[in-house]
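What follows is one structure encoded as structure tokens, with my remarks underneath.
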Amino acid sequence: MASAKEDPRTPENEPLTGEASTPPRPEVPIEPAADRWVKVWDLPIRVFHWMLVFLVAVNAFTGFLTPEWWLGVHNWSGYGLVALMIFRLVWGICGSEYSRVVSFIYPPRDTLEHLRGLLLLRPPHYVGHNPTGALMVFALAGVLIALVVTGLLVLGGEEKQGPLSAVTGYSVGFAAKQVHHWLTMLLLLMILGHIGGVVTESVLTHDNLVRAIITGWKKLPPAAPVPTPRPARPVLAVALLVVLAGGAVATLDWLSRRPPPHSLRTLPENATYTKECGACHYALNPSLLPAASWAALMTSLREHFGEDASLDAPTTSSLAAWLVGNAAETFDTESANRFRVVAPDDPYRVSSTPYWVRKHASVPPGVFARKSVRSKVNCHACHRDAESGRYDDQAIAIPEE
Amino acid sequence: MKGSHAMMVLMVILGLLAAADASADPRRDAILAELLAQAQKDEPGFARFSAERGAAFYRATHKGGKQGAASCTSCHGSTPQGKGQTRAGKAIEPMAVSKNPARYTNKDDVEKWFTRNCNDVLGRACTVKEKGDFLTYMMGQ
């Protein structure tokens with residue numbers, strides 16, 4: 001856009017923008033060959049669009065490709081999406097003409113007309129969002145909101161983190177995860193549809209829409225009337241943003257003051273357990289095995305994983321009662337819910353449970369032989385919060401040696 | 001005052017004892033004495049336990065035990081002064097009393113570990129003589 005010929009900010013074009021200072025000069029005849037330019041996307045909406053692209057990319061990257069301990073990045077880019085959508089709502093009211101939501105709400109007749117035009121390869125021209133594109137905008141917003149809500153439910157229910165952790169159980173989080181997965185697939189398809197739409201429109205109207213969302217300027221077809229756009233109301237926008245941001249902060253603060261996360265119990269240390277079981281191996285949080293496994297394990301201490309670990313009767317029965325009383329069934333953490341399902345042929349070994357095997361399949365066997373790990377029972381070598389039984393994704397750190 | 005005088009004398013004696021042998025512990029002596037009484041009851045004329053026999057027992061490769069646990073040294077390390085390691089990767093503090101003065105001061109613990117480890121390494125309970133020899137060896141280390 002460096003050449004003078006291409007520069008949209010020629011006096012001829014200025015009047016078409018909402019930011020123009022010179023009045024329109026309709027009297028001046030326009031040469032048919034000359035392009036007329038109109039400023040469609042204001043700077044805030046362009047920044048919004050590309051930040052949305054960036055954050056969706058970060059969310060997809062950390063959701064599909066990175067290991068568990070990137071969950072924190074996924075969460076923060078999800079919160080970033082919330083901030084962007086709050087901004088979009090405000091700018092949908094206070095932005096300049098084509099950013100305003102009311103400017104792209106069309107009656108069904110217009111939408112059908114536009115779709116028909118698309119099929120005939122000569123869609124009617126719109127300066128801002130066309131009716132089909134507007135449908136996509138609303139659909140994208142709906143899917144993104146649904147993704148944020150289900151994401152917060154997964155975070156609260158499964159991970160016991162985030163603003164909904166106090167009110168969301170594991171089963172809700174687990175169900176929300178299935179929906180979250182399907183929504184991501186839907187979003188990917190919609191992104192493809194959006195890009196396809198942009199390419200189609202660009203080809204059919206001979207106007208580069210990608211350039212438009214970078215520079216903000218669009219070419220007006222020769223016959224199209226010159227629009228009179230409404231300017232943005234930045235002061236109102238800032239005021240609304242302050243109110244909404246304040247409300248969001250207050251809501252998060254109120255939620256974080258709620259009682260401890262649903263069914264997440266903190267177990268006081270049992271000195272006998274630490275001494276007797278911890279003498280030979282890392283003393284696992286009792287929530288990692290179901291009651292039936294603990295009960296059976298405590299009656300067979302003479303043959304405990306190939307060793308004699310027998311204890312006197314009073315110690316055995318007091319430990320058995322404590323372990324059964326704090327078994328997986330009494331916790332709502334993800335690990336407790338998962339490890340309730342044990343391997344039928346090896347019901348005492350957490351590292352034989354189907355979930356454990358699946359979650360550690362990508363860990364190279366050499367890791368378990370490292371000096372700081374040595375055994376699969378040493379959960380705390382990599383899970384820094386193993387003591388509590390939480391096993392947060394972000395608390396995983398595989399030692400180098 | 002008589003009471004405080006006696007207390008001071010006691011403290012001086014305790015201090016001297018501590019200086020003489022930091023690792024001495026009456027509870028450990030009592031455990032050994034009880035084993036000796038039992039050995040003398042089983043074998044009239046039995047004089048004393050042997051640290052040499054205890055050392056040989058510690059290092060010997062035994063039969064009848066479980067796989068991977070043929071000797072005390074399998075888990076406790078080749079010398080009583082060094083640390084050992086359990087199969088689950090947990091460090092075992094040294095067996096030698098000089099390195100680990102807390103060893104063999106709780107009768108129940110001593111009995112518990114002899115019961116477990118003799119079963120694992122020998123496939124049977126240890127005799128009173130084996131236990132006494134072992135303890136005598138470790139107390140001199």
Side-chain angles (χ1 to χ4, degrees), chain A residues 271-285 288-289 297-298 300-319 346 348-352 363 365-383 386-387 398-399 401, chain B residues 27 31 34 57 61-77 80 82-96 99-127 130-131 134 138:
Chain A
T272 312
Y273 182 61
T274 308
K275 183 197 168 202
E276 298 298 351
C277 305
C280 295
H281 58 78
Y282 175 67
L284 300 170
N285 188 294
L288 298 195
L289 279 179
L297 179 150
M298 289 305 286
S300 57
L301 284 179
R302 237 184 108 76
E303 276 298 331
H304 188 69
F305 298 101
E307 277 182 37
D308 185 339
S310 48
L311 285 164
D312 60 63
T315 313
T316 306
S317 62
S318 90
L319 278 179
D346 200 5
Y348 311 152
R349 206 189 291 265
V350 178
S351 59
S352 290
V363 180
V367 167
F368 296 106
R370 286 180 188 166
K371 245 185 13 210
S372 51
V373 184
R374 292 191 198 269
S375 163
K376 287 180 180 173
V377 78
N378 285 327
C379 312
H380 64 314
C382 303
H383 297 274
E387 197 78 31
I398 296 177
E401 55 179 43
Chain B
R27 290 171 297 178
I31 293 169
E34 204 177 310
F57 181 82
T61 302
H62 302 276
K63 283 192 182 109
K66 287 173 182 154
Q67 208 179 357
S71 167
C72 307
T73 57
S74 305
C75 292
H76 288 289
K83 280 192 179 185
Q85 193 187 303
T86 70
R87 256 188 333 126
K90 199 128 188 174
I92 307 175
E93 293 305 310
M95 299 298 280
K99 292 282 174 195
N100 188 1
R103 279 270 182 228
Y104 324 112
T105 55
N106 181 324
K107 189 176 167 242
D108 291 343
D109 278 349
V110 171
E111 222 17 75
K112 178 181 76 187
W113 286 112
F114 271 136
T115 304
R116 290 172 168 183
N117 295 354
C118 294
N119 183 29
D120 282 343
V121 177
L122 307 165
R124 60 165 173 85
C126 289
T127 65
E130 282 167 337
K131 293 180 193 176
F134 185 91
M138 292 305 172

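Each chain gets a letter, A, B and so on, in the order its sequence line appears, and its residues count up from 1. These numbers come from a predicted model, not from an experiment.
Chain B forms the most heavy-atom pairs under 4.5 Å with one residue out of A:E307, A:R374, A:K376, A:K371, and that residue is A:E307. Comparing B:R116, B:K112, B:K90, B:K66 by how many heavy-atom pairs each has under 4.5 Å with chain A, the most go to B:R116. Most heavy-atom pairs under 4.5 Å with chain B: of the set A:S375, A:A381, A:C280, this distinction falls to A:C280.
Looking only at distances, a side-chain donor or acceptor of B:D120 sits under 3.5 Å from a matching main-chain atom of A:D308.
Here the closest heavy-atom approach between residue A:N378 and residue B:A88 is recorded as ND2-O, 3.2 Å.
Around the CD atom of A:E387, the shell of radius 6.0 Å holds no more than 12 heavy atoms that belong to other residues, nucleotides or ligands.
Using a 4.5 Å cut-off between heavy atoms, B:Q85 touches chain A through its side chain atoms alone.
Salt bridge annotation for A:K275-B:D109: present, with a cationic side-chain nitrogen under 4.0 angstrom from a carboxylate oxygen.
Taking CZ of A:R302 as the reference point, atom OG1 of B:T115 lies at 8.5 Å (rounded to 0.5 Å). Atom CG of B:D108 is separated from atom CG of A:L311 by 11.0 Å, given to the nearest 0.5 angstrom.
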